[in-house]
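Along the sequence shown, the residues carry numbers beginning at 1.
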Amino acid sequence: MTEVVRRALRRFRRKHDVPGVVVCTFTAAGPDVAVADGVTSAETQHAMTPDTVFRIYSVAKFVTATMIVSLAADGVLDLDAPIDGSLGGLRRRTGTGSDGTTLRHLLSHRSGLLPDAVLHDGLSRDPGGLAASVRHDYARTPVLARAGEFYGFSNLGVSLAGLVAQEVTGLPFAEIVRQRVFDPLGMVHSTHDPAVAMTFPLAQHHLPGEAGLRVDHGAKAGAKHEPSSLCYATALDLARLGAHHLRARAELAQMHLPHADPRLDVDLRYGLGCSLSPPVQGIRQIGHEGFFGGMWAKLVVDPAAGRGVVWLDNRGEELREERYRLLRELFDGLGRTDAAGGALGLAVETEAVHGEYVRTGAPPLTVTGRSELELTADRDRAVLVPHQRAVWRSADRHGPGAPPWGPHAGTDRIVLGATAWRDGSVPVVHLNGLPYVRREWGKRLRTRASAVG
C-alpha cells in the first residue's frame, strides 16, 4: 500500500507542480500508513517527511471545537448558555450584547456574523492579543441576522468561542488546547506559536509566478487567529486527532451532528467546528480542510468505516478537485462529496427570489429570470437552472475560484440556495455558501426572530 500511495503522490506532484505532499491514514488505534514525497521548500530542497510541520489554517477550527466540546462534556463550558455571561461588556455592531449568541452558534457559523476575511497585517503575537483583537473586531463586524437564523462562515465567530474558553478557564487559549488536546493525544509537533513551529522542519507556502513557483515569505501570524486558523501540525499529529474522534464518539457527539446548512446542491452540512459529508446509509464523514495562499490541509474521519486520512501539501486551493479525486481513488471513497441530496426547506417560487441582495465588502447581487435564474454582480453574470427545492446551480462545472463565483468546497457548480420565511418571501440567499441579504430586509433581519424553512 505504501508504494502504491507514494507512486500516486509523485505523479500528482509532477503533473501539477506541487513541491511536496504528505498523506497519513489512521484507524481508532492511531496513525497507520504515512507517506511523504517531495520537498518542504523549492529554495532549500529539504525532503518532505511525515514529521514536517504545516500551517493547517481552518483545520484549526476542528482542533478548537474538539477542545471546547470536551470541556463541555466535563461541565466546564455550556454550549447553549449565552456567551455574555462569560464575556462582560461584549458589544457588537448593533450596539447590543451578543443577543443570545452561544458557543453552539459560534462553532456552527450561525452567530449572525457576516463572513470575514483573514487578514494578517499589524497583528499582535502576544497571547493577550486574542482578547483585545476579538473584542475590537466583534464591535465592528457587520451583523447578518439574529444568532441561530442562518449559516455564515465566520473566522471571528470561532475566535470568539476560543476567547470564551480562555475567560472561563483562566488559561491562555493555546495553553488550554495543549492541555486538553495536544498533550493527551501525543501531538508533540503541534502548536499555535509560529516561533515553536520554526524549531521543527516546516513546510513553506508556494505561489505560482512568472518564473515558476516561488516561496512566499510574508508573515501570516497573529494571536487573534489562533482558534480559527493559526495552528501548526504534522500529518501524524492530525492522524492522532482523527483517531481520537473515532474513539471518543460519545464525548464528541455534539461536534458530529448537523447544525448548519450552507444551501448547496449537495448534502453538505456543518457541525461544531467540522464539515459533514453527504450521508451514505445515514452516516456522514466528518472533518475539515484549510488553505491560504500556497498551502492546503484536509482531515477526513469516516466513523462508519473506522478509518480516516490526512492530506497536507504546499500548494494552494486551485488544485482542490484534483486532490479530491486522488483521495477517493486511493482510499476507497474517503472525502466523498458526490452523494445525492442538498439543501431542502420550504419550496420557493422563482419570482420570490428576484431582487437585489447585498453583502458587506462585495458588489450587490441582482437576481432575475424565469425558468432560469440570471445572477449579476459587478458586470459578471451567471445563469443557473433549477436543481431541487429552493436551489439553483450552473449547468457547467467550474474549478475553484475567488468569491463570490468560485464553487464551495465539495461541489464544482455555481450554486444559489434560497431561504424563505413561512409567508414565501426570501430574505437571504446563499451564493456558493456566502450569505446575501435582500437589500430592503437588512435592518429587519438583525432584530427579527424568524421561522424559516
Side-chain angles (χ1 to χ4, degrees), residues 1-27 31-40 42 47-50 52 54-59 62 203 205-208 213 233-239 242 266 268 274-278 280 284-302 304-339 397-401 406-413:
M1 178 64 176
T2 299
E3 283 308 309
V4 171
V5 174
R6 191 184 312 279
R7 287 195 296 269
L9 295 183
R10 186 159 296 171
R11 288 193 298 270
F12 169 83
R13 284 200 317 103
R14 290 174 175 172
K15 180 178 180 179
H16 300 293
D17 197 17
V18 178
V21 58
V22 186
V23 169
C24 184
T25 61
F26 58 88
T27 66
D32 186 16
V33 175
V35 181
D37 194 70
V39 297
T40 63
M48 189 75 77
T49 76
T52 298
F54 283 75
R55 171 89 178 260
I56 61 174
Y57 288 99
S58 278
V59 182
F62 192 92
H205 299 68
H206 289 76
L207 301 174
L213 289 182
T234 66
L236 287 167
D237 278 1
L238 288 179
V266 292
L268 290 171
C274 63
S275 57
L276 307 174
S277 75
V280 174
R284 296 177 184 267
Q285 295 178 9
I286 62 176
H288 218 297
E289 66 185 59
F291 56 88
F292 188 93
M295 194 160 289
W296 198 84
K298 189 172 183 70
L299 167 65
V300 180
V301 182
D302 188 344
R307 62 184 184 136
V309 65
V310 176
W311 176 299
L312 303 172
D313 73 50
N314 45 8
R315 277 292 303 271
E317 190 199 13
E318 63 273 10
L319 300 175
R320 185 178 71 202
E321 295 300 322
E322 287 78 6
R323 297 178 179 106
Y324 284 0
R325 280 192 288 271
L326 188 53
L327 278 170
R328 291 193 295 267
E329 292 171 6
L330 287 174
F331 306 112
D332 191 26
L334 281 175
R336 64 173 188 269
T337 58
D338 53 355
R397 299 178 185 275
H398 298 263
H408 190 281
T411 180
D412 54 7
R413 312 290 184 117

Only counting residues at least two apart or in another chain, list the ones meeting side-chain contact (heavy atoms from CB on, under 4.5 Å) with [X].
X      : value
Ala297 : Ile56, Val59, Leu312
Arg325 : Glu321, Glu322, Arg328, Glu329
Asp17  : Leu213, Arg315
Ala47  : none

request  = Quick one: do Leu334 and Gln285 satisfy side-chain contact (heavy atoms from CB on, under 4.5 Å)? Show the steps, please.
outcome  = CA-CA 8 Å; Leu334 281 175; Gln285 295 178 9; 4.2 Å; yes

query = Of all residues at least two apart in sequence or in a different chain, which pass the salt bridge (charged side-chain N to carboxylate O under 4.0 Å, His left out) check with Arg14?
reply =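 Arg14: no salt bridge (charged side-chain N to carboxylate O under 4.0 Å, His left out) contacts found.
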
key: Rounded distance (nearest 0.5 Å) linking atom CZ of Arg320 with atom CH2 of Trp296   =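 With rounding to 0.5 Å, CZ (Arg320) is 8.5 Å from CH2 (Trp296).
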
Could you tell me whether a side-chain N or O of [X] sits under 3.5 Å from a main-chain N or O of [Y], the two making a donor and an acceptor?
X      : Y      : answer
Arg284 : Ser277 : yes
Asp37  : Val5   : no
His16  : Leu319 : no
Ser275 : Gly287 : yes
Arg6   : Ala36  : yes

Can you tell if the side chain of [X] reaches within under 4.5 Å of the side chain of [Y], non-hydrogen atoms only?
X      : Y      : value
Leu238 : Phe54  : no
Arg323 : Val21  : no
Thr40  : Met48  : yes
Val310 : Val22  : no
Leu299 : His288 : no
Val309 : Cys24  : no

Nearest heavy atoms of [X] and [Y], plus distance in Å:
X      : Y      : answer
Ala409 : Tyr324 : CB-OH, 3.6 Å
Phe292 : His205 : O-CD2, 3.4 Å
Ala34  : Leu236 : CB-CD2, 4.0 Å
Phe26  : Val300 : CZ-O, 3.3 Å
Pro400 : Glu317 : CG-O, 3.5 Å
Pro407 : Thr411 : CB-O, 3.4 Å

task = State which residues pass side-chain hydrogen bond (donor to acceptor under 3.5 Å, both in side chains) with Arg397; sequence neighbours excluded, sorted by chain then number.
result =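 Testing Arg397 for side-chain hydrogen bond (donor to acceptor under 3.5 Å, both in side chains), a comparison that skips the adjacent residues, returns Asp412.
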
ask   = Taking the six-membered ring for Trp, are the ring centroids of Trp311 and Phe12 within less than 6.0 Å of each other?
value =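 Centroid separation for Trp311 and Phe12: below 6.0 Å.
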
query = Are Asn314 and Val18 close enough, and set up right, to give a side-chain contact (heavy atoms from CB on, under 4.5 Å), and what steps lead you there?
reply = CA-CA 7 Å; Asn314 45 8; Val18 178; 4.2 Å; yes

key: Full working for side-chain contact (heavy atoms from CB on, under 4.5 Å) between Val33 and Val23   = CA-CA 8 Å; Val33 175; Val23 169; over 6 Å; no

query = Checking salt bridge (charged side-chain N to carboxylate O under 4.0 Å, His left out) for the pair Arg307/Asp32: CA distance, chi angles, key distance, verdict?
reply = CA-CA 9 Å; Arg307 62 184 184 136; Asp32 186 16; over 6 Å; no

